[in-house]
Amino acid sequence: MQTWMKLTAVAASCWSALVWGQVEYHINIDQPQHHLAQVEAKFPQVSTDTFEFHLPNWRTGRYLLLPLADGVRSMSVVDSNGEPLEWKKTARGSWLVQVDKPTQVTVRYQLHADQLGDRSRHIDDSHAFLDASGVFVYNPEFRDQPLEVSLTVPESWRSVAGMDSPKAHHFTAPNYDVLIDSPIETGEHQSFEFTVDGKDYELLFWGQGNYDVEQTLEDLKKLVAQGPGIWGGYPYDRYVFMIHATSGARGATEHLNSTVIQRTRDSFAERKDYISFMSTASHEYIHTWNVKAYRPQAMAPYDYQQENYSRLLWLAEGSTSYLQNQLLLTAGVITIDEFLADVAKRIERSEATPGREIQSVADASFDNWIATGGDYARNHSVNIYNEGYLASWSLEMAIIERTQAEKNYKDLHRYLYEQHRLPKGYSEQDVKVGLKRITGVAFDDWWQQAIDSPNSLDFDAILAQVGLQRKASSKPARVDYGFELKADQGTGLLTHVRRDGPAWQAGLTKGDRVIAIDGQWLKPGKWSSKLKQLSADKPVTFSYFRRDTLMTAMVHPSTKSAEKLKLEPVAQPTDAQKAAFTAWAGIDWPW
């Protein structure tokens, strides 16, 4: 990426014309202890009678409208001479300025930044994380123009971003879309640099934690070397891993050539925690291609002011979840047992989600903007990440089967990267065309059954295709009531009731407060142990409060496995199963 020089503003030739030039942003972090900063956005000379500017209503990577403009106060707008211009707010993240003559427009405002968990903006006395979607306003007509960002920060701070940096605390970008996908992390950090295949990387930690820097560097080097194996090359010259070791915020967001990953500071050291961390790093790294280099046509380009509806978010997000551990496995970061443990967890999660019988992954993709989670969602909806993972798995198995293990899901992603790179994007039909080119077979019927319709997968058949099976349980089945509860205020509070399960059939619902089982009151905290002691052979009477009214229900329990699902190889795999396994997992049959 090169440094973009300032463009000189040229006088307008007509009243409706807009004169191009470089947009200049400045943020002065003057009260970090109070999460406050002063922002200035300077737009080159304009000659329209009105001038609009916006703060996005959502940020990329999170498909949900956010109240980002609520952090803006004390706004002022002035012309080239510093004279005030009349302005008004027209929508949640939109303003309109009255312009009487050709002039430069400068917008100034106070910014409150205390949204660490949203990964939109956060300022305190040790750092600032600045995602442009929650920080810098833009004008649609200047969206494609070059820009510069400068920061005034405490003397001990260092500023890092994926953008080009001509000097300390200064960044340049060719347009607003690059800025919004290149968050800035400035503050007091631990920073480590490395190079793989001629590409430069930086690993940055904000906050103290139980992370192992050397192990993380070693495994990230292995991870980033896997990219060309799928896509044939890199879409960047430099990449930044920003790690927040915090006291509560969790999650991660992908960006153009960087990612921010947030974890509680003590959740790096144990092996299961470390695998979770590396899986997240792999997920966000894959997004550098899948979403940032190619994504659904409905989101190319992004509309920052409203929802960007697409029935393909399962492919954008779910397939990224699907590929993340494949990369870690082929890189040697995780073992085959750890890889299969994650697959088993995905199967269990799906089988415990009755919503997979109700909602398709395509419908879940479109409705993700309004998805709320919780009891109703588990019973009537699916998650684009987990079910998108499983839809991707089903699709890969179909590709492997139809090509005798000569092709796999990675071939589809390379096709999308090569043929539908931004700004083009891809549609559902484009994906189907790619599948036919790869396999020679039309996927319309498969798509209708697996993507456009609810799809309760036959996991045993899929496992058998790659020479795997469920490991038999060594423990007796446990009693299943079809609900989840927790001790709360001396009662057993039902937090989830599985659709069509025993408790559901008996009329119990989320929010009911159980106080007695078969007429006997239980002390707080004894609910789980008591339920485990009961038999599945006879009904159980639950006494509970609903709307402060005492009620009873008789539940006829069923049974379920007492162990977590485990996968193991079949005793005598065929050559076809071994070939399918290799095409799927990316490694030779290991047993």
Side-chain angles (χ1 to χ4, degrees), residues 1-7 18 20-25 27 39 41-44 52-66 68-69 93-94 107 119-121 129-150 160-165 170-185 234-240 242 253-260 284 287-310 313 316-317 416-417 420-426:
M1 187 180 293
Q2 63 181 3
T3 301
W4 294 272
M5 304 303 292
K6 288 187 178 181
L7 301 180
L18 197 65
W20 303 124
Q22 179 168 274
V23 180
E24 298 179 4
Y25 293 103
I27 180 166
V39 179
K42 187 178 295 183
F43 299 94
E52 62 178 316
F53 59 92
H54 310 277
L55 193 69
N57 286 323
W58 64 286
R59 64 155 179 79
T60 62
R62 186 176 184 187
Y63 311 106
L64 175 71
L65 295 185
L66 299 170
L68 297 175
S94 300
V107 182
R119 294 178 295 285
S120 58
R121 57 185 181 231
F129 175 76
L130 307 171
D131 183 308
S133 60
V135 178
F136 298 120
V137 296
Y138 73 99
N139 170 266
E141 299 297 333
F142 282 100
R143 180 170 168 173
D144 293 329
Q145 293 307 109
L147 57 88
E148 180 179 29
V149 179
S150 59
V160 178
M163 294 177 284
D164 186 37
S165 180
H170 284 72
F171 301 96
T172 58
N175 54 56
Y176 186 78
D177 292 286
V178 170
L179 172 63
I180 212 167
D181 245 334
S182 305
I184 299 169
E185 172 66 37
Y234 300 92
Y236 59 83
D237 292 320
R238 177 173 172 268
Y239 192 93
V240 182
M242 303 175 182
T253 300
E254 72 278 4
H255 290 286
L256 196 62
N257 62 337
S258 63
T259 182
V260 54
E284 305 310 327
H287 271 317
T288 311
W289 289 269
N290 183 20
V291 171
K292 295 308 174 183
Y294 58 93
R295 62 173 172 262
Q297 207 170 66
M299 307 182 76
Y302 290 127
D303 183 338
Y304 299 123
Q305 300 314 121
Q306 60 186 1
E307 299 93 335
N308 292 217
Y309 292 109
S310 170
L313 284 183
E317 293 292 347
L416 294 175
Y417 178 56
H420 293 280
R421 201 174 309 186
L422 295 176
K424 191 175 181 181
Y426 59 84

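Along the sequence shown, residues are numbered consecutively beginning with 1. What's counted below: heavy atoms across the whole structure, side chains too, no hydrogens, waters or symmetry copies.
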> Are Lys292 and Asp181 close enough, and set up right, to give a side chain to side chain contact (heavy atoms under 4.5 Å, CB included), and what steps lead you there?
Replying inline: CA-CA 9 Å; Lys292 295 308 174 183; Asp181 245 334; 2.9 Å; yes
>> So, taking the atom named CE in Met299 and the one named OH in Tyr309, what distance separates them when rounded to the nearest 0.5 Å?
In response: 11.5 Å
>> Counting C-beta onward and ignoring hydrogens, is there a side-chain heavy-atom pair between Tyr138 and Leu147 closer than 4.5 Å?
In response: no
> Side chains of Thr60 and Ser133: closer than 4.5 Å at any heavy-atom pair?
Replying inline: no
> Can you say whether the rings of Trp289 and Tyr417 are parallel (under 30°), tilted (30 to 60°) or perpendicular (over 60°)?
Replying inline: perpendicular
>> Quick check: do Tyr176 and Pro56 have side-chain heavy atoms less than 4.5 Å from each other?
In response: yes
>> Donor-acceptor check, side chain of Asn257 to backbone of Arg238, threshold 3.5 angstrom: yes or no?
In response: yes
>> Minimum heavy-atom separation for Leu422 and Ala300, please, with both atom names.
In response: CD2-CB, 3.6 Å
> Are Arg121 and Arg59 close enough that some pair of their side-chain heavy atoms sits under 4.5 Å apart?
Replying inline: no
> How many angstroms lie between CZ in Arg143 and OH in Tyr302, if you round to the nearest 0.5 Å?
Replying inline: 10.5 Å
>> Ring-plane angle category for Phe136 and Tyr25, please: parallel below 30°, perpendicular beyond 60°, tilted otherwise.
In response: tilted
>> Side chains of Tyr304 and Asp177: any donor to acceptor distance under 3.5 Å?
In response: yes
> Taking only residues two or more places apart in sequence, or in another chain, which ones meet His287 in a ring-ring contact (aromatic ring centres under 6.0 Å, His included)?
Replying inline: His283
>> When you compare the side chain of Arg421 with that of Pro235, does any pair of heavy atoms fall below 4.5 Å?
In response: no
> If we only count heavy atoms from C-beta on, is the Pro140 to His54 side-chain gap below 4.5 Å?
Replying inline: yes
> If you round to the nearest 0.5 Å, how far is CZ of Phe129 from CE of Met242?
Replying inline: 6.5 Å
> Side chain of His420, backbone of Gly425: donor and acceptor closer than 3.5 Å?
Replying inline: yes
> Excluding sequence neighbours, so at least two apart, what forms ring-ring contact (aromatic ring centres under 6.0 Å, His included) with Tyr236?
Replying inline: Tyr201, Tyr234, Tyr239
> Within the side chain of Gln145, is there an N or O that forms a donor-acceptor pair under 3.5 Å with the backbone of Gln22?
Replying inline: no
> Aromatic rings Phe142 and Phe43: how do their planes relate, parallel, tilted or perpendicular, breaks at 30° and 60°?
Replying inline: tilted
>> Using modelled atom types and a 3.5 Å cut-off, is there a donor and acceptor pairing between side-chain atoms of Asn139 and backbone atoms of Phe53?
In response: no
> So, the side chain of Asn175 versus the backbone of Pro146: is there a donor-acceptor pair under 3.5 Å, distance only?
Replying inline: no
> Going from CD on Gln297 to OG on Ser310, what distance comes out if it is rounded to the nearest 0.5 angstrom?
Replying inline: 9.5 Å
>> Restricting to non-hydrogen atoms, name the atom on Met163 and the atom on Ala173 that form the minimum distance, rounded to 0.1 Å.
In response: SD-CB, 3.9 Å
> What are the two closest heavy atoms between Val135 and Ser120, and how far apart are they?
Replying inline: CG2-O, 4.4 Å
> Looking only at heavy atoms, what is the nearest atom pair of Ala316 and Asn290, with distance?
Replying inline: O-ND2, 3.2 Å
>> What's the separation between atom CD in Glu307 and atom CH2 in Trp58, rounded to the nearest 0.5 Å?
In response: 10.0 Å
> Which atom pair, heavy atoms only, marks the closest approach of Val240 to Ala161?
Replying inline: CG2-O, 4.0 Å
> Do Val23 and Pro44 have side chains that get closer than 4.5 Å, going by heavy atoms?
Replying inline: yes
>> Would the distance check show the side chain of Asn308 and the main-chain N or O of Asp303 forming a donor-acceptor pair, the cut-off being under 3.5 Å?
In response: yes
> Just how far is it from atom CZ of Arg119 to atom OG1 of Thr259, taken to the nearest 0.5 Å?
Replying inline: 8.5 Å
>> Are Gln306 and Asn57 packed together at the side-chain level, in the sense that at least one heavy-atom pair is separated by less than 4.5 angstrom?
In response: no
